[in-house]
Structure formats: C-alpha cells, structure tokens
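Each chain gets a letter, A, B and so on, in the order the sequences are listed, and its residues count up from 1.
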2 protein chains.
Amino acid sequence: MLNFDKEKYLQVTGGAVNLRGRIEAVIDEVSDKGYENVFLIGIGGTIAAMYPFEYMLKSNSTIPVYAEIAAEFSVMGHKHFSENSLVILYSLSGTTPETVAAAEYCKEKGATTIGLVGELGTPLADAVDYPIANYAENDFGGDSSAIQLYLLIFRLMYKRDSFPHYEKFADELVTIPDQLISVKEQGEAQAEAFAEKYKDEKYHIFTGAGNLWGKTYSYAMCVLEEMQWIRTKSIHAAEFFHGTLEIVDEETSIVVVKGEDETRPLLERVENFGETYTNKLTIFDTADFELSGISQEFRKYLSPLIMNTFLQRVSVHLEDKRGHSLEKRRYYRKVEY
Amino acid sequence: MLNFDKEKYLQVTGGAVNLRGRIEAVIDEVSDKGYENVFLIGIGGTIAAMYPFEYMLKSNSTIPVYAEIAAEFSVMGHKHFSENSLVILYSLSGTTPETVAAAEYCKEKGATTIGLVGELGTPLADAVDYPIANYAENDFGGDSSAIQLYLLIFRLMYKRDSFPHYEKFADELVTIPDQLISVKEQGEAQAEAFAEKYKDEKYHIFTGAGNLWGKTYSYAMCVLEEMQWIRTKSIHAAEFFHGTLEIVDEETSIVVVKGEDETRPLLERVENFGETYTNKLTIFDTADFELSGISQEFRKYLSPLIMNTFLQRVSVHLEDKRGHSLEKRRYYRKVEY
C-alpha cells in the first residue's frame, strides 16, 4: 500500500493493545474509589475522538457522561463537574494548550484525571493523575487512541455492570491490529478511486450519525480542511434533512459515513436522497469490511475504529493525487493567534 | 423596517410572554412530582433552539440534561432516559415527523412530556402531557420559542434552587417584546450592510460558542443553506483553531457570532485571527445592543434571543438583496425522501 509502514503501524497499534493491563488497573482503581460522572475532554480531533464514546456510554450505560471541548469546559463553570468527577483527557502531543489548561483546572478542583498522550514527560502527562502513554504520530494516532479508549470506557462500563461481555470484547480487541491492516487492504481500491475522482473537488458534505458522528466531523475538519485545504460541511445525518439538503444539486459531493450501530437507517435515508439528487454520492461503509477475529455483536461498537483506519488510506491517496502534503499548514503552530 | 410587521411581531412575542402563568404552573407541577433528568428534543432548527438551554442548564444547575436530535434519540436506546425523565420537545408546526415520533416513544416509556407548538390539535400537541401553544410562523417562531424556553428552563432551575433570581428575571423577560423591536432597529443598518456586501458570497464560516453555539449552527444551516442556498461551515469558536482555520485566506468570509457569556474570549480569539488573515470579517455582537429593561446580570443569558431577533433582520435583507425568497425550497416538504 502507498506510503504505508506496516512495521510502524503494528508498533503503534501493538503498543495500544499492550496497554490493556495498565488501563484495566487504572480503571479498576478509580472505579473502586468511586466517581459521580465522567467527563471526556479534548479539542478538535481529540474531542471528536471522544464523541463515539460519549454516544456509546449513553446508549449502553447509566454512567453520567459529558463530552466537552477543552477551551469551553475551562470557562463555562460546569455544575456537574466536581472533585467526584472522573475526567479523561487526550492530547497526542501532550502539549495542546487548551487541553493542558483543562487538566490543570481539573487538578485544582480535585477531580480524578486520566490523560492519553504520546509520551510521558509532556505537560498533559504531568498534569494528570494517571497518564497513559503510547507513542504515535498523526497518521496512526487515531487508531492508537481509539483502541485505548475502547479499553478504558468499556472497562468502566463493565465495572458498573453495564457491559458484562468486557473480557470477550477485550480479548478480541487486542487481536485487531492485523485485522485493521486487512481493512486498509480491503478498502485500498475504494480509497484510491475516491481520491482520484474527487482530487479537484472544492467542497464536500460529510454526513454521519451515532458513534460515527465524531469521525464524520473530524475527518471533514482535521483532514480535508486542515490537511488538504478543502471546504467541507459536516452534518449529522438526521440534521441533513433540516437545512443542508437544500444546497444539494447534481454536482454536490455527498459522502455518507456509514457504520453498523442503530443509527444506520438515518444514513440510508441520506443515501437514498443522494442517489436521486446528486451524481457525486460516495458511501464509506464499515459493513463492507471483513473482520476475521471480531464477533458480530461487537462490530457495531468498532465502527469508529474501522472507519478511522480506512479513512487514513483515503488521506494518503488524497495527498498523493492532489500533491498536497498532509503536513502542510498555513497557520497551525506556524503563526501566533 | 423592511418587511417587518410590528403588530404581528408583538402579537407573537406577546403571546409567548403571556404564557408565563401557564408555563410556571406546568413546571411547578412536574417539579413537585419530581424527575431524574431533563431531555431537550428537536431536530434541525428546533434542536438548535435547545442547545443554549442545555448549555445554561449545565453552567447554572445540577439538573442532569441531555439535548438529543429527535431521530437519533428514538433509535439510540438512551440509558438515562426512563419514566422518570422530563422531556421538552419543540416543533412549531407540531407535525415534524421525527419529533412527533420521539414524543410517542417518550409516551410509551411513560416519561413526562412538555411540547412547544404553534397550535393545539397538532400531532405533537396531542402526543405530549403538557402542550404549550403560541401561534407563530417561521419569521418570529424563534423569538417566541426562546421566550417560552427561558420561562420553562429558568423556572425549572428556580424550583431546583439553582436560579434564585427567577422572579426578577421573568418580570424583566415579559417586558422584552418592545425591546426586541428596538434591537432590530438598532441593528438594521448593520443587517442591511451585511446583506449588501455579501449578497454574492458563495460560502461563509459562522463561528460561535457557549449559549450562542446553537444559533450559530442553525443560522448557517436553516437560513443560509435552507432558505438562501448558500454554502456554510458552522464551527465552534474553540474548534475553529483545530482545523477550519487552515482554509481561511483573505477572501474567506468569517462571521463571528458573539454573545456575552463566559465564552466571549473564545470569540475574541477568532476575531483577532480574522482581523489579520481575511478581508471579510463580520462581527455580530449582542453587546452592541441596548436593552432598556434588562438588568446587566441577565444580559448574558439573553444573548441567544437578542442574536436571533437581530439575525432575522439579516435574513430579511438577504432575501431582498439577493432576490431569493426565504420560503423557496427545492426538496423540503416538496418531494419524498
């Protein structure tokens, strides 16, 4: 596969699955200590990485959960937040100022904090009670953090009697790195064809729902906008029909980001609309991928990870076909603002 | 003012403030009965109308609150939802299928439901325990529902000891219709100038935060996209810096939707960025408007209503300058999908 370093990928994702013991020990400790609610905090791609888990907590567990954008969380005076809150923060670099500030705010208030980072010794790692570190770069950081968040959140649910199948789920999850490579291979032709067909497209509507809404939002923003400088609208599939549909004509690109949870019919509705009203409809569907080691009952939870690993291939091909490096920035970490 | 029917406006907003007694009686009854949490449900413009109140509940009260998109809520199996939930739903027509379906789902589960509608006898009104009706059309429906939601939500907080100033707040709120007309008059020149300057603009970035995020999102989607067929990106001000900023060049329109709550510095940051990197920066700021009968301490809560009434003037001028009726649709309620 183009620009794919298999060894590096297995090192990153292998590092993530190898954190199982550490993560379970942390979650068991904080669960035994007790907490009132869970806050999931990040900004940009990292808050978007939390949204699937907010959704899955809401739809599987009575643990109260709030996913909040770091910079807003630090000023809003959230009345559910207290020293009895359990906070999970994520910054791959460990240096994102808004997320580090949120962690420091949490520390002042006496909440229990867990931080996902790429490296120990970074400001976020130093600001939290329980740093969890696995080295990754932008390309594979999403898969790495997703694996860790599955272990964290599903273990939390297990400890609250909300997800009795945790052991089986985790046993299967730790086998996933090789299967994710297979997903990339299965999706390679579609990823390349999409990049070729749409390399000159100036605007896309990305739509998703349920546990794929976060990925839909962040792929549009963090890859197409940030890394490729292409305009996008990301819109929840149910919301699409209450405004955004009116800008669609037969030349409007609509990308349906389709997973396997209970919101799938919402995506099918957009798909049906798109089939009639545009010539530029793309369906990215996790159901198209075989996963040899994952039980059918768990597939729906894993859609965000499957979609993420596939979309990373789309990014690589967009970079290639468009001659626009994924690392190129005008502003971010280049100028002050 | 262009296309402004003052008498009709005062009838609609007067109708909303006159519901104070009815709303307080309903809220006192459901509060005395008790509830575990509050669900705010709508779709498109109506879920966006709930977001300010979700934010204000979180930042002022320990009442657990979940704002959910109607169509997703009905399928997701939300584990916090039960017969002990208090649900507030909103559909101006009373016929929005997704919201009516959500109300019926709530009824089946035995939750307590309040429905905001334009008319009694509509499906949503018939599906809820407590219908609250005030006739309005699209133009003034946003102001009408906001007034009702302030009374509903702030009374709820008052009954939970989260907002002791309710009586003073409500006494001031019921005087607001005339002040909102004054806001429209104060903003008229800016509204017309914006419409003139940007009548041919093909794409806008709208950014907001805190209790104005919902309005930012819905103005972009429900007015610019749905009613004017102009492409938009709506992006939370804190999120802007984690992706969307990279598509900005000096010809990119950025509209900063600025209110008076604690997230104001997040908007100022986008404003500073925009001043440097684009020639097309617009600031819509509720702080620019005088409100003769509202205490300073309450202004921040009312930003969504103030902004809504101002933006309605922007819509009228866009319609006029662009020669594109706000009622024109390609698909919505015109074709099946």
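Top candidate by heavy-atom pairs under 4.5 Å with chain B, chosen from Asn272(A), Thr244(A), Thr276(A), is Thr244(A). Contacts with chain A were tallied for Met227(B), His236(B), Gln228(B), Glu336(B); His236(B) has the most, counting heavy-atom pairs under 4.5 Å. Ranked by heavy-atom pairs shorter than 4.5 Å toward chain A, the options Ile69(B), Leu266(B), Thr263(B) are led by Ile69(B). Residue with the most contacts toward chain A among Gly45(B), Cys222(B), Pro64(B): Pro64(B) (heavy-atom pairs, distance under 4.5 Å). Per-residue counts of heavy-atom pairs under 4.5 Å with chain A were compared for His242(B), Glu239(B), Glu246(B); the largest is that of Glu246(B). Annotation: maximal heavy-atom pairing with chain A below 4.5 Å, among Ser162(B), Ser59(B), Pro265(B), occurs at Ser59(B).
With a threshold of 4.5 angstrom between heavy atoms, Arg330(A) approaches chain B through its backbone and through its side chain. When heavy atoms are compared at a cutoff of 4.5 Å, Ile63(B) approaches chain A solely by way of its backbone atoms N, CA, C and O. In this structure, chain B has no heavy atom under 4.5 Å from any part of Asp261(A). Interface residue Arg269(B): only side-chain heavy atoms are found under 4.5 Å from chain A. Interface remark: Ile235(A) contributes side-chain atoms only to the contact with chain B (heavy atom separation under 4.5 Å). Contact of Ser218(A) with chain B is not made at all, since no heavy-atom distance falls under 4.5 Å. The contact between Glu68(B) and chain A is made entirely by side chain atoms (from C-beta outward), counting heavy-atom distances below 4.5 Å. With a 4.5 Å cut-off on non-hydrogen atoms, Phe240(B) does not touch chain A at all. Neither the backbone nor the side chain of Ser74(B) has a heavy atom closer than 4.5 Å to any heavy atom of chain A. Proximity to chain B (any heavy atom under 4.5 Å) is shown, for Val248(A), by both the backbone and the side chain. Residue Thr62(A) touches chain B through both its backbone and its side chain, counting heavy-atom pairs closer than 4.5 Å.
Within a 6.0 Å radius of CD in Glu250(B), other residues, nucleotides and ligands contribute 12 heavy atoms or fewer.
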Evaluate the side chain to side chain donor-acceptor pair (under 3.5 Å) criterion for residues Thr232(A) and His204(A): first the C-alpha distance (whole Å), next the side-chain angles of each, then the deciding distance (0.1 Å), finally the verdict. CA-CA 5 Å; Thr232(A) 72; His204(A) 297 275; over 6 Å; no
Go through the steps for Ile283(A) and Lys258(A) under the test side-chain contact (heavy atoms from CB on, under 4.5 Å), then give the verdict. CA-CA 7 Å; Ile283(A) 314 295; Lys258(A) 206 169 165 186; 3.9 Å; yes
Can Ile254(A) and Glu271(A) be said to form a side-chain contact (heavy atoms from CB on, under 4.5 Å), step by step? CA-CA 9 Å; Ile254(A) 301 178; Glu271(A) 191 176 342; over 6 Å; no
Derivation and outcome, side chain to side chain donor-acceptor pair (under 3.5 Å), residues Tyr301(B) and Asn60(B): CA-CA 11 Å; Tyr301(B) 302 121; Asn60(B) 288 283; 3.3 Å; yes
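Two rings, from Phe206(A) and Tyr217(A), have their centers 6.0 Å or more apart. Ring centroid separation for the pair Tyr337(B) and Tyr277(A) does not come in under the 6.0 Å cut-off. For an aromatic pair to be called close, the ring centres must be under 6.0 Å apart, and Tyr331(A) with Phe273(B) satisfies this. Within the 6.0 Å centre-distance limit, the rings of Phe154(B) and Phe163(B) are counted as a close aromatic pair. Side-chain rings of Tyr203(A) and Tyr198(A) stay apart, their centers remaining 6.0 Å or farther from each other. Taking the six-membered ring for Trp, Tyr105(A) and Phe73(A) have ring centres closer than 6.0 Å.
Between the NZ atom of Lys328(B) and the CD atom of Glu319(B) there is a distance of 11.0 Å, given to the nearest 0.5 Å.
Looking at Arg231(A) and Glu225(A), no side-chain N of the basic residue comes within less than 4.0 Å of a carboxylate O on the acidic one, giving no salt bridge. Salt bridge status for Arg264(A) with Glu268(A): present, with a side-chain N to carboxylate O gap under 4.0 Å.
Proximity to chain B at a heavy-atom threshold of 4.5 Å picks out Lys79(A), His80(A) from residues 79-87 of chain A, in numerical order. Scanning residues 90-102 of chain A against chain B with a 4.5 Å heavy-atom cutoff picks out Thr96(A), Glu98(A), ordered by number.
Note: His78(A) and Phe39(A) have perpendicular aromatic rings, judged against thresholds of 30 and 60 degrees for the angle between ring planes.
Listed for the Thr278(A) side chain is no donor-acceptor partner under 3.5 Å among the backbone atoms of Gly274(A). Formation of a donor-acceptor pair under 3.5 Å by the Ser303(B) side chain with backbone atoms of Glu260(B) is found in this model.
Across all their heavy atoms, Met76(A) and Tyr55(B) have their closest contact at CB-OH, 3.3 Å.
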